[in-house]
Amino acid sequence: MRKYILSAIVAISFGFYISSNRNYVAHPVPIIAKSPAITPNIPDSGSLAAGSPPANNPTPVAAASSTTTQPAASKPATTPTKVVQQPAPKPAGQFRNGTYAGISADAYYGYVQVQAIISNGKLTDIQMLDYPSDRGTSVRINSYALPQLISEAIQAQSARVAAVSGATDTSQAFIQSLSSALAQAKS
Amino acid sequence: MKQTELIMGMPITVEILDEHANESAFKKIFNYSTEVDRIFSPYKEGSEVSKINSGELSVQEYSPQMREVFRLAEQTKQQTSGYFDVRRPDGKIDPSGIVKGWAILNAAQLLKQDGYENFFVDAGGDIQSARPEHLEPWHLGIRNPFNTAEIVKVLRIRNEGVATSGTYKRGMHIYNPHDPMQILDDVVSITVIGPNVYEADRFATAAFAMGRQGINFIESLPGFEAYQIDRMGVAIQTSGFNKYIQNDA
C-alpha cells in the first residue's frame with residue numbers, strides 16, 4: 001500500500017513540476033530567434049578576443065556580461081554617477097495601484113503611448129502601448145558571452161558642445177504620455 | 001552662421017563657420033529638407049510613401065529618390081541579416097530609419113558643392129559635420145537618454161557622421177529561452193560614429209534592433225565605433241571609440 005502512495009506522490013509532484021514549467025514558457029515573450037548568417041558577423045567572444053587586442057588594460061566598471069548585475073553598487077563611486085532608471089521617480093505611496101494608460105503623444109514618426117504600472121503605491125513598470133518603430137521588432141536572443149569591451153556608468157558632462165546626438169524624436173512624447181498616465185494615478 | 005527650422009517634425013540645425021556663408025546656403029538646405037518630407041513623410045497623406053502604402057502608386061511610378069532609397073534599404077537589409085527592414089509587420093513601408101541619414105548626407109553634399117568646409121547639419125540628433133584638418137574638431141555631445149537636458153559624452157568629430165538610435169520602450173520583457181529566469185537589460189540607445197551620417201544612421205538602426213548584441217555588431221564593422229547605453233545606465237563602447245572622446249579638461 002505504501003508503495004502506491006509513494007508512487008502517487010511522485011506522479012503528482014511531477015505533474016506540478018511540468019505544469020509550473022509550462023507557465024514560464026508560456027509567459028508573454030516576443031522572441032524570434034534568428035539564426036545568424038550575416039556579413040559582417042556578430043562575433044562570439046572567442047573571435048573577438050583574437051581579432052582585437054585591447055590597446056590598454058580596460059578596467060571595466062561593470063562586467064559586460066549578459067547576466068544582470070548591479071554595476072552602480074559594485075563600483076566604488078569616485079564621482080557621483082547619474083544612473084537614473086526611470087524618469088521622474090515619485091516618492092513611495094503617492095500613487096494608487098493599478099495600470100494607467102497615458103495619452104497618445106505625437107513624436108512625428110508616429111505616436112508614443114505609455115502605460116504606467118503602479119504597485120505598492122510606486123511606479124514599478126512602464127510599458128509601451130504604441131511607439132514609432134524605426135527598427136524591426138524581432139530580437140535575437142543568444143547565449144554568446146559578451147566580449148570584454150569597456151563599460152562604465154554614464155556620467156553627466158559639463159562641457160559645452162555645438163550639437164547633441166540623441167534619440168530625441170520620441171523622448172518628448174514619451175514624457176508627455178508618461179506624465180498624463182501618472183496624473184491619473186495620483187491619489 | 002547658424003539656423004534652425006522645424007521640418008519633418010524635428011529641429012534641423014545648420015551651422016556654417018566658413019567666412020563666405022550666406023543666407024542662400026541655409027535656404028538650400030531647408031528647401032531640400034522640405035522636399036524630402038514631401039516625398040517620404042509616412043504621416044502626410046499626400047506623400048509618396050503614403051500613396052505607396054494606400055496602393056495608389058505602383059512600383060513603376062516611383063520617383064528617382066524613392067527608387068534610390070528602396071535600393072539602399074534593400075542593401076542595408078542584406079548587410080544586417082534582416083535586422084534593418086523598411087517593411088513593417090503590417091506590410092506598410094516606413095523608410096524613416098534610412099531616409100534621415102540619407103537626406104542629411106545629401107544636404108551636407110550640397111554645402112560641400114558650394115565650397116563649404118566647416119559646418120554641420122543636425123536633423124533630430126543625427127549629425128553630419130565637416131571640419132578642416134588644421135582646426136580643432138567639432139565637439140558634439142551624446143544625449144543622456146534618462147535626462148534629455150544632459151549629455152553623457154563629448155565627442156571630437158571632423159568629417160564623420162554621428163547617429164543615435166534609441167527608444168524609451170521599457171517593460172517589454174525579453175527572456176533568454178535558455179534561461180527564462182534571467183531578464184536581459186534593454187538597450188536604451190546606441191550612438192554610432194561612421195564615415196558619414198548615412199552609414200552611421202542605417203547601422204545604428206540595425207544595431208539597436210539587435211539589442212545587447214548591437215555593440216558587437218558595430219565592433220565587427222571596420223571604420224565604425226559606437227557607445228551603447230542600457231536601461232541601468234551602463235554604457236559599453238567599441239574598442240576604437242576612445243579616439244573620439246573629448247575628456248573634460
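Chain letters run A, B, ... following the sequence lines, proteins first, then strands; residues in each count from 1.
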Proximal component of F241(B), with respect to chain A [non-hydrogen, under 4.5 Å]: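 Contact with chain A: none, neither part.
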Heavy-atom contact with chain A under 4.5 Å, split by part of A204(B):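 The answer is neither part of A204(B).
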Chain A contacts, top residue of G240(B), S189(B), G141(B) (heavy-atom pairs, under 4.5 Å):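 Highest number of pairs under 4.5 Å: G141(B).
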Options Q228(B), H139(B), E15(B), ranked by heavy-atom pairs under 4.5 Å with chain A, top entry: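 Highest number of pairs under 4.5 Å: H139(B).
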Rounded to the nearest 0.5 Å, what's the gap from [atom1] on [X] to [atom2] on [Y]? Could you check?
| X | Y | atom1 | atom2 | value |
| --- | --- | --- | --- | --- |
| S151(A) | D230(B) | OG | CG | 9.0 Å |
| I245(B) | Q157(A) | CD1 | CD | 9.0 Å |
| Q155(A) | I151(B) | CD | CD1 | 12.5 Å |
| L149(A) | Q237(B) | CG | CD | 8.5 Å |
| I150(A) | N242(B) | CD1 | CG | 5.0 Å |

Is there a side-chain contact between [X] and [Y] in this structure, where contact means two heavy atoms from C-beta onward sitting under 4.5 Å apart?
| X | Y | answer |
| --- | --- | --- |
| V161(A) | L140(B) | no |
| E152(A) | K153(B) | yes |
| F146(B) | I154(A) | yes |

Closest non-hydrogen atom pair between F120(B) and A162(A), with its separation: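 So the two residues come closest at CZ-O, 3.6 Å.
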Side-chain (S165(A)) to main-chain (I142(B)) donor-acceptor, under 3.5 angstrom: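 Looks like no, no N/O pair under 3.5 Å.
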